[in-house]
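The structure under discussion appears below in the form of structure tokens.
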Amino acid sequence: SEAEIAGFRVISSMILSWLPPLLFSLMISNGIDPKWGMTAMAVFLIFAAFLLAVGTGKWEDILLESGRSEAQDVEIDDAEILLESGRSETQDVEIPN
């Protein structure tokens, strides 16, 4: 299921990645003012931002669904820092909510 969604995203982005530059090029080559070409490009970005805002869940929910949490990430990062520094003692780390 996750692989299908990831594959759909990759194929969609590959298919549609040429559309905004093509539209801009066609507008400029047909004598339309470049500010309108840039406006058309901005519309694509605003639409993409809207889809991300509406189509995705909360980051905490995504982490829980994947089986990870921010607390686990902090513990792993602290262990890596201790290993890199050669220290063997542990420190209490306050995790922000």
Side-chain angles (χ1 to χ4, degrees):
S1 171
E2 292 175 11
E4 291 174 355
I5 293 172
F8 177 73
R9 182 200 169 277
V10 169
I11 289 174
S12 299
S13 65
M14 291 177 76
I15 291 171
L16 295 176
S17 64
W18 55 268
L19 188 58
L22 176 66
L23 181 62
F24 180 79
S25 299
L26 288 173
M27 291 175 80
I28 298 301
S29 64
N30 286 322
I32 298 174
D33 191 11
K35 70 178 178 182
W36 294 112
M38 292 304 291
T39 302
M41 298 288 282
V43 168
F44 279 99
L45 290 174
I46 292 169
F47 181 68
F50 175 75
L51 286 180
L52 283 174
V54 174
T56 59
K58 293 181 181 179
W59 182 245
E60 293 82 16
D61 296 337
I62 294 170
L63 287 175
L64 287 174
E65 187 175 326
S66 70
R68 300 179 63 193
S69 71
E70 290 183 27
Q72 290 173 340
D73 293 341
V74 170
E75 291 173 10
I76 290 170
D77 292 340
D78 289 340
E80 290 174 0
I81 291 170
L82 287 174
L83 287 174
E84 289 175 4
S85 67
R87 297 185 336 209
S88 61
E89 70 272 0
T90 59
Q91 298 175 349
D92 293 331
V93 176
E94 187 174 319
I95 300 172
N97 291 330

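Because the structure is predicted, anything quoted here is derived from the model rather than measured.
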**Message:** Taking Ile28 as the starting point, is it possible to reach Trp36 by hopping between hydrophobic residues whose side chains are less than 4.5 Å apart?
**Reply:** no
[X]: side chain to side chain contact (heavy atoms under 4.5 Å, CB included) partners, not counting sequence neighbours:
X	answer
Met41	Pro20, Phe24
Ile46	none
Ala40	Leu23, Met27
Leu16	Leu19

**Asked** Who else is in the cluster with Val43 when I, L, V, M, F, W and Y are joined by side-chain contacts under 4.5 Å?
**Response** none
**Message:** Test question: given the 4.5 Å side-chain rule for I, L, V, M, F, W and Y, name all other residues clustered with Val10, or answer none.
**Reply:** Met14
Spacing of [X] atom [atom1] and [Y] atom [atom2] [to the nearest 0.5 Å]:
X	Y	atom1	atom2	answer
Thr39	Asp33	OG1	CG	8.5 Å
Ser13	Phe8	OG	CZ	10.0 Å
Leu22	Ser17	CG	OG	11.0 Å

